Structures are given as structure tokens and as C-alpha cells.
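Report on the following structure.
Predicted, not measured: the structure shown is a model, and the values here were computed from it.
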Amino acid sequence: MRKFIQLLLAVIFFFGSTLHAQYQMEFLDRGVVAIKRGDGRIFVSWRLLGNEPYASTFNLYRSTAGKTVKLNKFPIAGATGFTDDGQDSMVDHRYTVKLVRAGKEEQRGNSFLLKARATPYISLPLHTPPGYAVNDASVGDMDGDGQYEILLHMAGKGADNSRAGFTDPPIFQCYTLDGQMLWQINLGKNIREGAHYTQFMVYDLDGDGKAEIAMKTADGTIDGKGIPIGDSTRDYRNQRGYILSGPEYLTVFNGLTGAAIHTVAYNPPRHPDTEHPSVDQLKSLWGDGYGNRVDRFLACIAYLDGIHPSLVMCRGYYTRTVLAAWDFKNGKLQQRWTFDSNNDGNNVFAGQGNHNLTVADIDNDGRHEIIYGQMTIDDNGKGLYSTGIGHADALHVSDLDPERPGLEVFSTQEKFGDAGANFRDAKTGEIIWKKASIRAGEDGEGPGRALSIDIDPRFPGAESWVAGAGIRGMFDVKGNTIAAQSPACNMGIYWDGDALCEVLNGISVFKWKHEAGVAEKIFEGKDFGGQAINGSKANPCLSADILGDWREEILVRSSDNSRLMIFSTSVPTDIKLHTLMHDPQYRVSIAWQNVAYNQPPHTSYFLGHGMKQPPLPNIRINKKSTTK
């Protein structure tokens with residue numbers, strides 16, 4: 001009988017562990033980083049990789065002037081960080097972390113060189129084009145060595161879709177973490193500059209261990225090798241500066257060289273029958289004819305088969321909405337599916353999109369769905385549900401209420417109504433609670449910003465709040481008002497040593513002090529000459545876990561656009577977690593963070609006060625690339 005029970009348990013474990021295929025994830029090295037603290041000490045942290053057990057232990061070494069010392073007496077079994085007291089800031093120090101497995105230390109490990117008189121951040125010199133400013137960033141391992149490179153959108157004069165005017169061509173530059181510029185892509189005059197036009201995806205799309213770049217391109221785009229795409233002599237800008245005719249392309253670029261690999265026609269086109277649609281033709285398909293709704297683009301990466309990443313390029317959200325999914329195999333883009341709200345039976349999905357989107361496995365089938373504002377598209381390209389609430393500006397998806405099964409969505413409604421702030425079940429679309437955003441005697445926009453993160457330890461799960469539209473206070477996961485006032489709501493970041501999230505507003509970090517009902521500033525990027533981007537949207541170039549332990553870095557431009565500054569926390573923690581970049585939902589969140597109105601990333605599990613230890617991520621790590 002005992003043997004039968006043991007066999008039964010083994011079968012259950014086998015099928016339970018193999019029920020979902022494994023997500024194909026990028027190889028990462030240890031990501032060692034050393035940060036100089038204000039008290040003169042050095043905080044060193046490193047990654048626990050997604051395929052490593054929580055029981056993993058490490059040794060830490062410091063090498064100075066040819067002399068190497070081990071800093072820990074016993075292997076470090078707790079959080080992947082260490083504060084070094086005994087060092088001289090006037091000389092270079094190299095910190096090396098080595099994994100200890102079964103009592104044996106790995107031979108080489110990974111290192112970080114902390115220069116003498118180092119600043120408390122990593123500084124990358126930039127080659128910003130004259131008249132341009134540093135804008136959104138993304139990361140990917142372009143050469144397959146386990147370290148991220150940084151892709152920067154250099155933005156010149158831009159214009160919103162709703163406004164006429166000529167813009168500068170969008171430019172993209174790629175940098176290593178030591179400041180080497182690898183290449184530059186110029187999208188050319190036939191791509192307009194602005195938050196809604198160019199959404200750039202950085203990801204290892206084909207699983208070869210090296211990231212690719214995917215963007216909408218046009219005649220005159222110049223790749224990283226200086227080779228034009230299409231006819232570089234053509235100029236399709238009309239007298240108002242809009243680009244409403246001419247061919248539209250989708251191009252995948254080599255992440256290491258910037259060379260165009262494959263170019264196809266952009267799907268969907270402005271009009272299916274002509275590259276030169278009339279005003280009436282545009283209006284009939286998209287709702288206006290002057291270039292506002294037709295050129296609202298979004299994009300994301302999603303694991304639609306639960307194993308391989310797919311590229312999803314989108315167009316429209318005020319009226320017609322189209323999503324086109326692509327797979328990149330053997331150097332070619334292959335269409336997977338297209339969803340179109342104009343198709344029969346899809347009318348309830350029109351007009352439900354945001355200025356952003358997110359991706360998550362909302363039905364726990366091991367495959368990603370695309371949460372496109374107030375509607376959701378299933379992994380097979382079919383409409384899953386639409387709430388009908390309509391377009392909005394902010395969107396958050398995670399296990400916001402850990403006491404409920406599955407994931408939840410916190411979103412907003414742009415126009416005043418009874419769902420200005422709404423909290424729903426991510427799988428079914430059921431509205432759990434909502435808050436009206438009505439001001440007596442006023443008309444106008446609803447809340448443009450919203451946050452849903454765990455900042456108050458007194459209440460289980462995430463706290464949610466919005467900015468403006470007459471909705472005041474902070475709400476728990478049941479919709480109860482728990483504070484009369486709330487902090488700024490732009491983005492969130494894991495920065496200090498506890499599991500609570502901090503508020504990231506612009507390039508400032510705030511800690512919510514629930515006892516006093518105020519947010520206390522604990523970090524200010526402006527003190528180091530930094531500056532936020534995207535005007536009133538006010539965000540850093542990127543916030544993501546790109547180095548060190550599970551907490552997040554802030555990538556900030558200098559006020560003169562000559563440098564990119566990478567700030568990493570120097571606050572010790574007792575919490576040991578896998579790098580967030582090996583959580584598939586968080587990783588694809590970093591890929592879409594640059595899209596339109598930036599939103600913060602979220603994990604697939606509840607990360608907050610009283611959290612349970614998350615299971616090992618269900619991933620398969622790509623092998624380190626052997627070629628560059």
C-alpha cells in the first residue's frame with residue numbers, strides 16, 4: 001500500500017510539474033553591482049537566478065592592488081547582498097561573487113569593478129545627437145554574454161497625434177553597461193516622433209541567446225549599418241506634418257549590430273486597399289481622417305504558446321483596435337494571428353484600449369493573454385472579454401489581492417462616470433468594485449494616473465489610488481477607503497529593504513508613512529543632476545531589475561543629456577528572491593514599459609508585506625551564446 005501511495009504521489013508530482021510548458025528565458029550572469037553608500041561603506045549585491053534554489057549560497061571576494069580577501073566567514077545563505085565596511089575609497093576594488101554548490105565553489109564567478117572616487121551610481125557617457133534629448137530606454141542582452149545592453153530612444157522635436165506639425169526623425173542608440181556605443185538607427189522622416197508612434201520592442205525573439213529589436217519602419221529608415229530600408233528619396237509628410245500615405249513596414253534588427261534582419265509590411269495598414277488613403281477612407285476605418293486615431297500604436301512581447309516569445313504590434317484603441325502577433329524564426333517574421341475589432345462578433349472590443357497595455361497569464365494555463373485596457377485578448381488571438389468601460393490612461397495587473405484566487409486588474413476610465421477607478425478579476429472581467437469620478441457641474445477627463453502597489457503593511461494586498469477626477473483617498477483590495485490622502489501616483493519601485501513597494505514619481509522615491517499619512521522622500525535623482533522625461537508624465541528612462549538583487553534600478557538622463565545614470569539601491573535587505581527578470585510576467589513588462597504612457601512593471605505573484613515565498617519560476621534558461 002505504501003509503495004502504491006508513493007507511486008501515486010510521484011505521478012501527481014510529475015504531471016503537476018509538467019502541466020505547463022516552461023517559458024524560454026534569457027541567460028543572465030550574476031549581475032554583481034557595488035554601490036558607495038553615504039556613510040562610506042560599500043553595498044554589494046547580486047542575482048539569484050530563476051533556475052537556482054532558494055538555498056543557494058555564495059562567497060564574496062574583494063581584490064585591491066593585487067590582494068584578494070574573502071569577506072564572508074561562512075557562505076552567504078540569506079539575501080544576496082553584503083555591506084563591506086573595510087575598504088579604501090581612494091583605490092579601485094573588484095568584487096567577485098562565486099556560487100557554492102555542495103560545498104564546492106565555482107571557479108570564476110562574476111565581478112564588478114568599483115573605481116576609486118566612484119559616484120554612487122553608474123555613469124554612461126552618451127553621444128546624444130544635437131537638438132535631441134534622451135527619452136525611453138529598454139534592455140536586452142545583445143551579445144549573449146549574460147549582461148544587459150541598453151537601447152535608448154533619442155527624441156528630437158515631437159508632436160502628439162492630435163496636433164499638426166513637423167517632427168524630427170526618431171533615433172535609437174545602443175550602449176553597453178561600460179558606456180560603449182554599439183550602433184545607431186535613424187527611423188527617418190517618414191516616421192513621426194511622439195509618444196504614440198514608435199513603440200520599440202527589445203527581446204530575444206528567436207531564442208538564440210541574443211536580443212533583437214523590433215520597430216515600425218518606413219521608406220528612409222537607416223539601420224545600424226547605414227543601409228536604408230525602402231526608398232530613402234521619398235517624403236510622405238503632408239502639409240500639416242502628418243504621415244498618412246506611403247508604405248509602412250515592420251522590421252526586426254540585429255541587437256548587436258543594428259542591421260536590419262527582416263522587413264515585412266506593417267499589419268494592419270492604414271487601409272487594406274491602398275497606401276494612399278483619402279480622408280474619408282481613414283475616417284470610415286478609424287474614426288477621423290486627419291491622423292489622430294489611425295496612428296495610435298502599442299506593442300508588447302507575449303508567450304502565446306507558453307514557451308516562445310511572440311511579438312505583438314497593435315494599432316488603434318479609441319475606436320477600431322487591431323493586434324497582430326508575429327513569431328520570429330530562422331531570421332523571418334511569421335504571422336501568428338490577427339485580432340480586429342471590426343470583424344464580425346468583435347464590436348464589443350472597439351474603443352476599450354488604453355495608452356498602454358500589459359501581458360499576463362490571467363487564466364493560469366501557462367500562456368500569456370494581452371490586457372488591452374478594458375478588454376482582454378486570449379493567447380489564441382480571440383477576444384476573451386470586454387468590460388465596456390472604455391478608454392483610459394492607467395493599468396495595473398498582478399496578484400493585487402492575495403486572498404482571492406488568480407490575478408486582478410486596477411484601471412481607470414478617461415471620461416467622468418461611475419467607473420473612474422475600477423478593480424476587476426483579470427480572468428473573467430468581473431468588476432469587483434469601482435469608484436465614480438464625477439464632479440458636479442463639470443465635464444472633462446477622468447483620472448490620468450493610477451497606482452496599485454502594496455505600500456501599507458496594515459492591510460493585506462495592494463493599495464490603490466488615482467490622481468484627480470474627484471476621486472480622493474486610498475483604497476484597500478475591497479474598495480474601502482483607508483486613507484483620506486494619497487501620495488503621487490506615477491510609478492512604483494522596490495528600493496528599500498522591506499517587501500513593501502515605494503512610490504517612484506519622476507526620478508524621486510517616496511516611502512509611505514502610514515502613521516502620519518504622508519510620503520517621505522528617501523531618494524532624489526535631481527541631487528545628482530538627473531532629470532525626468534516625457535513632460536508631465538514624468539518618469540525615468542526605465543525602472544527595472546537590471547543589476548544586483550531583486551530590487552530595481554532607476555535609469556535617468558542627466559539634465560544636459562550627456563550621460564545616462566543608473567541608480568541602484570544601497571539599502572541592505574533580509575529578503576531573498578530570484579531576480580525579477582526571470583519572472584516571465586515581469587520580464588515582458590520591462591519590454592512594454594516604454595509603450596506610450598509608461599506604467600510600472602508587476603510580478604506574476606504577490607510581492608508585498610506578508611508575502612509567501614514564491615515558487616521557482618517555470619522557466620527554461622537559454623544557453624549562453626557562444627558567438628558575438
Side-chain angles (χ1 to χ4, degrees), residues 131-138 151-173 185 187-202 213-218 240-244 248 266 286 288 290-300 312-318 321 353-358 372-373 391-395 412 414 445 447-450 467 489-491 504-507 531-543 555-557 561 589-601:
Y132 280 69
V134 182
N135 198 256
D136 289 310
S138 193
L151 185 66
L152 287 177
H153 179 185
M154 296 292 188
K157 180 175 63 176
D160 188 84
N161 302 51
S162 61
R163 298 180 180 89
F166 291 86
T167 73
D168 293 324
I171 290 176
F172 289 83
Q173 295 179 344
I185 293 172
L187 292 185
K189 56 181 171 288
N190 292 313
I191 296 288
R192 212 167 185 237
E193 174 62 75
H196 306 291
Y197 295 102
T198 297
Q199 321 305 344
F200 56 101
M201 293 293 102
V202 183
I213 320 296
M215 291 183 284
K216 183 176 181 286
T217 56
R240 302 185 69 220
Y242 287 102
I243 304 160
L244 301 178
E248 300 176 283
Y266 191 86
W286 301 100
D288 68 60
Y290 70 94
N292 184 14
R293 289 168 171 80
V294 66
D295 273 2
R296 299 278 177 165
F297 298 100
L298 301 177
C300 64
V312 183
M313 304 300 288
C314 317
R315 188 173 214 151
Y317 41 74
Y318 287 139
T321 294
N354 276 20
H355 293 298
N356 36 62
L357 79 179
T358 189
Y372 204 85
H391 166 76
D393 287 6
L395 182 66
T412 59
E414 182 166 284
E445 301 281 317
R449 316 261 177 102
C489 58
N490 212 5
M491 301 183 78
L504 175 60
N505 190 40
I507 53 175
Q531 186 171 329
I533 63 170
N534 290 327
S536 64
K537 301 303 174 187
N539 54 272
C541 301
L542 181 71
S543 64
L555 279 64
V556 177
R557 65 167 174 164
N561 292 295
S589 298
I590 300 308
W592 58 244
Q593 189 180 136
N594 69 80
V595 171
Y597 295 172
N598 308 61
Q599 298 288 279

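The side-chain heavy atoms of Pro170 and His153, taken from C-beta on, include a pair separated by under 4.5 Å. Using a 4.5 Å cut-off on side-chain heavy atoms (C-beta onward), Asn161 and Tyr197 make contact. Side chains of Thr321 and Cys314 form no contact here, defined as non-hydrogen atoms less than 4.5 Å apart. Side-chain atoms of Ile171 and Tyr132, non-hydrogen and from C-beta on, do get closer than 4.5 Å to each other. At least one side-chain heavy atom of Phe200 sits less than 4.5 Å from a side-chain heavy atom of Asn594. Looking at heavy atoms from C-beta onward, Trp592 lies in side-chain contact with Gln599 at the 4.5 angstrom threshold. Counting only heavy atoms from C-beta outward, the side chains of Asn598 and Leu542 never approach each other to under 4.5 Å. Proximity of Pro540 to Met491: side-chain heavy atoms (C-beta onward) are separated by under 4.5 Å at one or more points.
Atom-to-atom distance recorded for Met313:CE and Tyr266:OH is 4.5 Å, nearest 0.5 angstrom. Distance check: Gln199 CD to Leu357 CG gives 9.0 Å after rounding to the nearest 0.5 Å. Note that the CZ atom of Arg296 and the OH atom of Tyr318 stand 3.5 Å from one another [nearest 0.5 Å]. The CG atom of Leu151 sits 11.5 Å away from atom SG of Cys541, with the distance rounded to the nearest 0.5 Å. Between the CG atom in Asp295 and the NE2 atom in His196 there is a gap of 11.0 Å [rounded to 0.5 Å]. Taking CG of Asn490 as the start and CG of Asn505 as the end, the distance is 5.0 Å to the nearest 0.5 Å.
With Asn354 contributing its side chain and Ala392 its backbone, the two residues share a donor-acceptor pair below 3.5 Å. Between the side chain of Gln531 and the main chain of Arg557, no donor-acceptor pair closer than 3.5 Å is present. Under the 3.5 Å distance criterion, the side-chain polar atoms of Arg315 are matched with a main-chain donor or acceptor of Val294. Between the Asn356 side chain and the Tyr597 main chain, a donor and an acceptor come within less than 3.5 Å of each other. Within the 3.5 Å criterion, the main-chain N or O of Thr167 finds no donor-acceptor partner in the side chain of Glu193. Without hydrogens or angle criteria, Glu248 side chain to Lys216 main chain gives no donor-acceptor distance under 3.5 Å.
Ionic pairing of Lys189 and Asp168 is not present here: no N-O contact between side-chain nitrogen and carboxylate oxygen is shorter than 4.0 angstrom. Salt-bridge formation is not detected for the pair Asp160/Arg192: no Lys NZ or Arg NE/NH1/NH2 atom is positioned less than 4.0 Å from an Asp or Glu carboxylate oxygen.
Annotation for Gly165 and Ala159: closest pair O-CB, 4.4 Å, computed over non-hydrogen atoms. What you find for Trp286 and Arg293 is that their closest heavy atoms are O-CD, 3.2 Å. Residues Ala394 and Gly448 approach most closely at CB-O, 4.4 Å, considering heavy atoms. In terms of heavy atoms, Asp393 sits closest to Lys537 at OD2-NZ, 4.5 Å. Closest heavy-atom contact between Val134 and Leu152: CG1-CD2, 4.0 Å. Nearest heavy-atom pair across Gln593 and Pro601 is NE2-CD, 3.8 Å.
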Worksheet item: Are Asn539 and Ile533 close enough, and set up right, to give a side chain to side chain contact (heavy atoms under 4.5 Å, CB included), and what steps lead you there?
Response: CA-CA 6 Å; Asn539 54 272; Ile533 63 170; 3.5 Å; yes
Discussion item. For a side chain to side chain contact (heavy atoms under 4.5 Å, CB included) check, start with the C-alpha distance between Val312 and Leu298, then their side-chain angles and the critical distance, and finish with the verdict.
Written reply: CA-CA 9 Å; Val312 183; Leu298 301 177; over 6 Å; no
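Exactly one of Thr217, Ile191, Val595 qualifies for a side chain to side chain contact (heavy atoms under 4.5 Å, CB included) with Thr198. That residue is Ile191.
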